[in-house]
Amino acid sequence: YYAINERTSKVYTDLNEAISEASDGDTITLLDDVVLDGTNKQDTEGALTISDKEFTLNGNGHTISAQTETFNFDQSTGAGPSLINVQGNSDVTFENVTLDGSGIAKHGLNINSAAVTLDGVTITNNRWYAVVDNNDSTLTVDGLTTTGNQWGVNIDKGAEATFNNADIGEQASIVYESAYTSYEGGEGSLTIKGGTYNTVKTQGSAYGNVAITGGRIDTVQNSAAATVEITGGTIRTVIDDNNTSGQTSIENGATVTGTVSIALGSGDCLLQYVVDGVTVYASAMGNADSGEVDMGYTTTPTKPGSTFD
């Protein structure tokens, strides 16, 4: 047997059947590793699809992986099925489980118009993203480790994500491109409260808010029209290279150990300068017309011996 419904005590040889029969609030616990068959699955599909369900999947320390010989993908475009799709207003918690794409699944976890919570989850060996959070979905990360994927987590098309604790090993750890100009949903949001990340970046036509209140991040890069507010955490480098709109701010409580840079363009970008990576000492407003930086309410750092170049 591969799974048991904790409420009914019914055991299953087929995980799909266990999920299909689950009622709202049930917990499905794995009893063994599960290998998913991707035969005839297309690009937007998952080898396992969860739709209109509300339950907890407790991996019990086991692994859900892709059966390599049953997955096909387009070598030129990369199109192919993901390991797991969660969609259709589902609300699913994954805990104590490893999702292994076996180097063949496109994404490990593809979330579409659903809510997902991750706690004690490892996602590894997928060709593209570990997680895609898409189309007004809500992702809550209480414990996630990713490794061996091309990218970490993608947030797009009005989706929201909160990271309380994660270790995202990919260089592009979080890519926020939650555009609303071509989508009839909301702006989306990203909140990072803790965890370890390489690069967290906005790109494309991303709008909405990115709030960083904790965690350790190598680079935060705002390359879109998002509002990025950094009020906590430790960051090596902060970059705002949007040139058109958007705003990046760093406030007391955040630590920047390296550099802060801004590119001026059409529109103002607010940047609060950090000296010696410890405290905020002044703010700067870039003026697109003049190409100058107005130091705002102060032109002298409050820390003795510090200067602005």
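Just so you know, these numbers come straight off a predicted model, no measurement behind them.
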Mind checking whether Thr162 and Lys193 have side chains closer than 4.5 Å, heavy atoms only?
yes
Pair Glu21 + Lys10, salt bridge at N-O below 4.0 Å:
yes
Taking side chain as C-beta onward, heavy atoms only, is Leu83 less than 4.5 Å from Leu36?
yes
Is there a side-chain contact between Ile212 and Val210 (heavy atoms, below 4.5 Å)?
yes
Knowing that exactly one of Asn198, Thr199, Thr219 qualifies, which makes a side-chain hydrogen bond (donor to acceptor under 3.5 Å, both in side chains) with Gln171?
Thr199
Going hydrophobic residue to hydrophobic residue with side-chain gaps under 4.5 angstrom, can you get from Val116 over to Ile19?
yes
Given 3.5 Å as the limit, does a donor-acceptor pair link the side chain of Asn5 with the main chain of Thr8, or not?
yes
Treating Ile, Leu, Val, Met, Phe, Trp and Tyr as nodes and any side-chain heavy-atom pair under 4.5 angstrom as an edge, say whether Val132 and Ile174 lie in one connected cluster.
no
Which atom names give the shortest non-hydrogen contact between Gln247 and Asp240, and what distance separates them?
C-OD2, 4.0 Å
Would Leu144 end up clustered with Ile192 when hydrophobic side chains under 4.5 Å apart are linked, directly or stepwise?
yes
Could you tell me which non-hydrogen atom of Gly38 sits nearest to which non-hydrogen atom of Ala47, and how far apart they are?
CA-CB, 4.2 Å
salt_bridge(Asp43, Lys106) N-O dist < 4.0 Å
yes
May I ask you to decide if Asn126's main-chain N or O and Tyr129's side chain share a donor-acceptor pair within less than 3.5 Å?
no
Among Val131, Ile84, Leu48, exactly one meets side chain to side chain contact (heavy atoms under 4.5 Å, CB included) together with Leu99. Which residue is that?
Ile84
Taking the side chain as everything from C-beta on, heavy atoms only, tell me whether Leu109 gets closer than 4.5 Å to Ile111.
yes
Cation-aromatic face contact Arg127/Phe73, 6.0 Å, 45 degrees
yes
Asn16 side-chain N/O to Ser20 backbone N/O, donor-acceptor pair under 3.5 Å:
no
Determine whether Ser113 and Gln87 make a side-chain contact, defined as any pair of heavy atoms from C-beta on separated by less than 4.5 Å.
no
If you count heavy atoms of other groups shown closer than 6.0 angstrom to CG of Asn40, is the number above 12?
no
If you measure from CD on Gln42 to CG on Asn72, what distance do you get to the nearest 0.5 Å?
9.0 Å
Ala114 backbone acceptor or donor facing Ser137 side chain under 3.5 Å
yes
Under 30°, 30 to 60°, or over 60°: which ring-plane class applies to Trp128 and Trp151, parallel, tilted or perpendicular?
perpendicular
Quick one: are Tyr2 and Leu31 in side-chain contact, heavy atoms under 4.5 Å?
no
In this structure, CG of Asp133 is separated from OG1 of Thr140 (nearest 0.5 Å) by 9.0 Å
Give a yes or no on whether Ile230 and Ile168 share a hydrophobic cluster (residues Ile, Leu, Val, Met, Phe, Trp, Tyr; joining criterion: side-chain heavy atoms under 4.5 Å apart).
yes
Would you say Gln203's side chain and Val175's backbone share a donor-acceptor pair under 3.5 angstrom?
no
With the side chain counted from C-beta on, respond yes when Val200 and Leu190 share a heavy-atom pair under 4.5 Å apart, and no when they do not.
yes
Do you know the tightest heavy-atom contact between Tyr176 and Ser189?
OH-N, 3.6 Å
Note, Ile4 side chain near Glu6 side chain (heavy atom, < 4.5 Å):
yes
If hydrophobic clusters are built from ILVMFWY residues whose side chains come within less than 4.5 Å, do Val35 and Tyr12 share one?
no
